[in-house]
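Throughout, residue positions are numbered sequentially from 1 according to the sequence presented.
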Amino acid sequence: MASDAREAAARLGHAFTDIARLEEALTHPSAATPARPHNQRLEFLGDRVLGLLVAEALVARHPDANEGELAPRFNELVRKETCAEVAREIGLDRALRLGKSEARTGARRRDALLGDAMEAALAAVYLDGGLEAARGVIARHWRARIEAQGAEAPRDAKTWLQEWAQARGMRPPRYEEEGRTGPDHAPRFTVVARLETGAEARAEARSKRAAEQEAAMTLLKLIGELDG
C-alpha cells in the first residue's frame, strides 16, 4: 500500500512528510481494522477544506459576482461527481484499499466512493502541509474546471428542472427524503426527485439540499435535458 500511496501523492502534487495520512485517506471502511483506520473522518474534514478553497478561488476570479451567481459555480465544482472525476484523473481509484466484497462488486468505479476518497486525500494534504499545500492541490486539479465555467454561471439544477417542468405545464418537481445513514457528525441523506410524469431519480449527499441538487441533476440527464 505504501508504494501505491506514494504514487498517488506524486499525482496529487504533494510530498507527504507522513505518508500514513494519505494511506488512511485511501482506506475504505470495508478495509479498516483496529490498526488501520478508514477515511470517513478525513472525508468530513476534506469536504470543508475543498469548500473553503473553491469558494476562495471563485471569489478571487469573479470579484463582481454576488452570492446567487457564485453558488451554482461552487455547487458544480464541489459536487461528488466532480470530485470523482478528479480522483480518476489522478489514479486514486487504483490506489484505493477496499474490502474483498467491495472490490468484487465494482465499488472502485462508484462516484460516491471516489468522491469521498478525493475529499479525504485533500484533508490528508491539509493535515500534512497546511492550507497552502491544500491550496496548491486545488489549483493544480480544479483550475481548469474553474476556468471552463466561463463568464456565465451554470444554472442551478433544481431551478433548471422546475423551469423545464413549468414550460410543459407540469407541477413543480417533488423532493422526498428516503433515508439517512452514517454517524451524526457525518450523515448522508438519500433524496428522490419526482416529476408528475413518473420520472424520478435518486441521489445521496451529506445534506438534504445537496442531495436534492444531485437528484435534480440526475433527473435532468434522465429526461435528456443535459448531455452525458
Side-chain angles (χ1 to χ4, degrees), residues 1-29 31-33 35-63 65 67 70-71 73-97 111-149 182-188 205-207 210:
M1 178 65 178
S3 62
D4 290 338
R6 289 191 181 92
E7 290 176 8
R11 292 189 292 266
L12 273 168
H14 176 68
F16 278 83
T17 301
D18 183 3
I19 198 65
R21 295 191 191 278
L22 185 57
E23 291 176 345
E24 179 180 339
L26 296 173
T27 300
H28 186 262
T33 69
R36 183 196 297 159
H38 57 70
N39 63 7
Q40 285 187 338
R41 284 173 56 84
L42 289 179
E43 173 204 341
F44 172 77
L45 175 60
D47 176 55
R48 278 69 184 173
V49 172
L50 174 65
L52 170 63
L53 294 177
V54 167
E56 176 187 77
L58 287 173
V59 167
R61 184 169 178 81
H62 304 283
E67 181 183 1
L70 291 170
R73 293 182 185 276
F74 176 86
N75 291 336
E76 182 179 81
L77 292 164
V78 302
R79 61 196 298 261
K80 191 68 67 178
E81 287 82 357
T82 301
C83 292
E85 286 174 4
V86 176
R88 291 188 184 95
E89 288 173 5
I90 61 181
L92 291 191
D93 52 336
R94 299 190 296 275
L96 279 175
R97 178 184 278 160
D111 282 352
L113 186 149
L114 289 174
D116 290 348
M118 186 68 241
E119 290 169 348
L122 288 171
V125 171
Y126 167 73
L127 292 173
D128 190 76
L131 198 59
E132 191 59 34
R135 186 177 287 113
V137 171
I138 294 296
R140 182 173 183 175
H141 300 294
W142 266 264
R143 179 184 289 125
R145 289 174 168 82
I146 293 171
E147 293 174 350
Q149 287 184 334
D184 289 341
H185 73 273
R188 299 195 69 85
R206 288 187 194 81
S207 70

Between the CG atom in L122 and the CG atom in L42, the distance rounded to the nearest 0.5 Å is 10.5 Å

dist L53:CG -> E132:CD (nearest 0.5 Å) comes out at 9.0 Å

More than 12 heavy atoms of other groups within 6.0 Å of R143 CZ: no

Determine, stepwise, if the pair L22 / L12 fulfils side chain to side chain contact (heavy atoms under 4.5 Å, CB included). CA-CA 10 Å; L22 185 57; L12 273 168; 4.0 Å; yes

R135 and E56: CA distance, side-chain angles, deciding distance, side chain to side chain contact (heavy atoms under 4.5 Å, CB included) verdict: CA-CA 10 Å; R135 186 177 287 113; E56 176 187 77; 2.7 Å; yes

From CG (D116) to CZ (F44), nearest 0.5 Å: 13.0 Å

Just to verify, what does E147 make a side-chain hydrogen bond (donor to acceptor under 3.5 Å, both in side chains) with, not counting sequence neighbours? none

Just to verify, what does H28 make a side-chain hydrogen bond (donor to acceptor under 3.5 Å, both in side chains) with, not counting sequence neighbours? S30

Value rounded to 0.5 Å, distance of CG in L58 from CD in E76: 10.0 Å

Show your reasoning for whether side chain to side chain contact (heavy atoms under 4.5 Å, CB included) applies to L70 and V59. CA-CA 8 Å; L70 291 170; V59 167; 4.1 Å; yes

Are any non-hydrogen side-chain atoms of I146 and R61 less than 4.5 angstrom apart? yes

Sequence neighbours left out, what passes side-chain contact (heavy atoms from CB on, under 4.5 Å) with E89? Give chain and number order. R145

Given V54, which of T82, V49, L77 fulfils the side-chain contact (heavy atoms from CB on, under 4.5 Å) condition? L77

Please check if atom CZ in R11 has more than 12 non-hydrogen atoms from other residues, nucleotides or ligands closer than 6.0 Å. yes

Could you tell me which non-hydrogen atom of F74 sits nearest to which non-hydrogen atom of G51, and how far apart they are? CE1-O, 3.2 Å

Examine distances only and state if a side-chain atom of Q149 and a backbone atom of R73 form a donor-acceptor pair shorter than 3.5 Å. yes

Closest approach of A9 and I19, non-hydrogen atoms and distance? CB-CD1, 4.2 Å

Closest non-hydrogen atom pair between A124 and A25, with its separation: CB-CB, 4.1 Å

Heavy-atom closest pair, residues G46 and A123: N-CB, 3.5 Å

Interatomic distance, CG@L92 vs CG@L114, rounded to 0.5 Å, equals 8.0 Å

Go through it in stages, so that I can follow the logic: the residues are R41 and E24, the test is salt bridge (charged side-chain N to carboxylate O under 4.0 Å, His left out), and I'd like the CA-CA distance, side-chain angles, deciding distance and then a yes or no. CA-CA 10 Å; R41 284 173 56 84; E24 179 180 339; 5.7 Å; no

Name all residues meeting the side-chain hydrogen bond (donor to acceptor under 3.5 Å, both in side chains) criterion together with R88; count only those two or more places apart in sequence or in a different chain, and write none if there are none. D111

I need the minimum non-hydrogen distance between P37 and A35, along with the two atoms involved. CD-O, 3.7 Å

Measure the CZ-CG distance between F16 and L127 for me, rounded to the nearest 0.5 Å. 9.0 Å

Residue pair N39 / P29: nearest heavy atoms and the distance that separates them: OD1-CD, 3.9 Å

State whether E23 and R97 are salt-bridged, where the test is any N-O pair (Lys NZ or Arg NE/NH1/NH2 against Asp/Glu carboxylate O) under 4.0 Å. no

Assess whether side chain to side chain contact (heavy atoms under 4.5 Å, CB included) is satisfied between L113 and D93, documenting all intermediate values. CA-CA 9 Å; L113 186 149; D93 52 336; over 6 Å; no

Restricting to pairs with a member in residues 12-22, which pass side-chain hydrogen bond (donor to acceptor under 3.5 Å, both in side chains), not counting sequence neighbours? H14-D128

Could you check whether any side-chain heavy atom of E119 comes within less than 4.5 Å of a side-chain heavy atom of L45, counting everything from C-beta outward? no

Which residue is it: V86, V78, V137? I am looking for the one with a side-chain contact (heavy atoms from CB on, under 4.5 Å) to L50. V78

Apply side-chain hydrogen bond (donor to acceptor under 3.5 Å, both in side chains) to R188 and list each qualifying residue two or more places apart in sequence or on a separate chain. E43, E204

